[in-house]
Each structure stands twice: as C-alpha cells, then as structure tokens.
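Quick note on labels: first sequence line is chain A, next is B, and so on, each numbered from 1. Since the structure is predicted, the reported quantities are computational estimates derived from the model, not experimental observations.
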There are 2 protein chains.
Amino acid sequence: MSEPDAFRLEPIGVVRSVLRDRAAAPRQGEEGAPDAWIEVAPRAARGLSGIRVGDELLVITWLHEARRDVLKVHPRSDERLPLAGVFATRSPDRPNPLGLHRVIVHKVAGRRLRVGPLEAIDGTPVVDIKPVLRCGRKETRRETP
Amino acid sequence: MSEPDAFRLEPIGVVRSVLRDRAAAPRQGEEGAPDAWIEVAPRAARGLSGIRVGDELLVITWLHEARRDVLKVHPRSDERLPLAGVFATRSPDRPNPLGLHRVIVHKVAGRRLRVGPLEAIDGTPVVDIKPVLRCGRKETRRETP
C-alpha cells in the first residue's frame, strides 16, 4: 500500500455538558450518560436545517484527551480481560480518536441541539452529525409530508 | 464559542474494491454494494487483534472525492426533494466528509479484512474501525469463552 496522505479535520461544533472530566464519564451513552448541548459553529449552522425534535442522530466527535499511540487495550479498562486490538473495542484511545454517539434530539434552539444520552465530556469537539438510517425508512421520508 | 483547533486525521488503511468511481457507487451499503477488502497499514495492524469472521463492524472512511464547502443538498441528489442541511442527510458532501459503513466480516487474512456490503470506492482511505455495540451484548463478551 502506498503511504496515504493525512487530512485536516475541522470541528463543526462543541459539546457543552455537565460532564467535566474523562474519569467521570460513562463508557457508553446508554450507561447513564446525561443530556448535553451540541453547539454548532456559525459557519456550519445551515447544515442543521431539517433536524427536528425526536430525530435519532449519530454524532461524531474528536476525543481530544485520548492517546493516539495505543493499538491494544484491555476492553473497558478491565485488566482481567485479555488485551484486544483497539479496532475490536470502543476504546477512546486509538490512532484517530473519533467518538461515535447515538443520540435523540430533545430541543432545537437555533444552532444548538439538546441531545442525549451523550457520554462525551464538556468541550469535546464535534466533527460531524448524521441521521440514523433505518431499513425501509430512507431519509427521503423525512423530507416529504 | 471560541474558534476550535483543527486535527490531523491519519489513514489507518484503504478500501480495495471493484467500485472505481463515485457515480457507480450505491448510496448505501444495503443498496446493492459489493464486498470489498480493507487493507490496514502495517503500522496499525496490531489494532485488528480480536476481530473475527462474522463480526459486525462500523468502518469510518474519509470520502476523499467529496466537496467540503457544501452545507445544503437535495437528499439522494433528487432535485424534487427540498434542500436539507447536510447534517440531516447522509450526503458525502459535508464539512468533514467522513463515511460511516456498517459491514460484516467475511474473511480475516493478516492485515486485510474482507467485508461487506461496502459502497465506498476503491482507494477510499479508512480512518477508524469499531465494533457494533448491541444492547445487552457488551464487547467484553467477545473476549471471554
């Protein structure tokens, strides 16, 4: 394989949460994470058009406190579990520390979305937002009466 | 919001596919996409440890042919549908053109994974691989007999 280039990822927003540090954060949203705000940057705000209360979204974050030089971890930081490759786990420590969070939209307030549950800590950069696709319910359905 | 930094995303692998150009690619994997190889770079190969045939994975790609200056699109490129914000659609054109692909592992051959269905075209950089999490079936289960 020829050596690939690198790419410049530019945050489109930021997480505003009561979670302040990584040690306090649940491992997954479903494990007791709170609701949080996603504050989208003015330059990207038009991209939110069409998002409505009740939508299910996938939020992709940059886990800025993660280590990028780790390729094997004990799953869930449990040292009784054998080491596994980071691509077989959801460890935040990985070569590109992208976080993937499935959330429900509770409020839409201009360029801010109230969503949950979200285990990312306050200040975590948001790099993308996508709708959850369901079988037999394509995104076009959202756009038609 | 203070202006956030940008981040350097480094490919961990590449898609090897019979799909050669974007016009020929299905919009979603479930819409008739073929199987493909994911070829992981030697420096990241240890991160694959624990991935097995039959696993469901989320592959995150960098859609290198996408436009980054687009914030509104016609969903599914259908001009009869009203414009929607890119974050309410799965358009590849978006500020950070990350692709998210849910696939099944069909073969594990060293640092190559045969997976499908995958609608990404040949040469698409892969930036992360994560296991699909299911309710009540945590990743720890994968690691114990």
For each of B:D78, B:V70, B:L100, tally heavy-atom pairs with chain A at distances under 4.5 Å, and name the one with the top tally.
B:L100

Atom CD1 in A:I51, atom OG1 in B:T89: separation rounded to 0.5 Å?
9.5 Å

Counting heavy-atom pairs under 4.5 Å to chain B, which of A:L98, A:V73, A:L58 comes out on top?
A:L98

Compare every heavy atom of B:P11 with every heavy atom of A:A6, then report the nearest pair and how far apart it is.
CA-CD, 4.1 Å

How many angstroms lie between atom CZ of B:R90 and atom CG of A:L133, to the nearest 0.5 angstrom?
4.0 Å

Given that the side chain runs from C-beta out, which part of B:R102 has a heavy atom under 4.5 Å from chain A: side chain, backbone, both or neither?
neither

If we define contacts as heavy-atom pairs under 4.5 Å, which of B:V127, B:V86, B:N96, B:I60 has the most with chain A?
B:N96

Looking at every non-hydrogen atom in both residues, tell me the closest pair between B:A88 and A:P131 and how far apart they are.
O-CG, 3.5 Å

Side chain, backbone, both or neither: which part of A:R8 has an atom under 4.5 Å from a heavy atom of chain B?
both

Quick one: do A:L19 and A:I104 end up in the same hydrophobic cluster if we chain Ile, Leu, Val, Met, Phe, Trp and Tyr together by side-chain heavy atoms under 4.5 Å apart?
no

Checked B:A45, B:A44, B:G123 vs chain A; the most non-hydrogen pairs under 4.5 Å come from B:A44

Answer with side chain, backbone, both or neither: which region of B:K72 has an atom nearer than 4.5 Å to a non-hydrogen atom of chain A?
side chain

Using a 4.5 Å cut-off on heavy atoms from C-beta on, say whether the side chain of A:L57 contacts that of B:F87.
no

Should A:F7 and A:W62 be regarded as members of a common hydrophobic cluster, given that ILVMFWY residues are connected when their side-chain heavy atoms come within less than 4.5 Å of each other, either directly or indirectly?
yes

In terms of hydrophobic clusters joined by side-chain contacts under 4.5 Å, are A:I38 and A:V105 together?
yes

Which atoms of B:R94 are under 4.5 Å from chain A, going by heavy atoms: the side chain, the backbone, both sets, or neither?
side chain

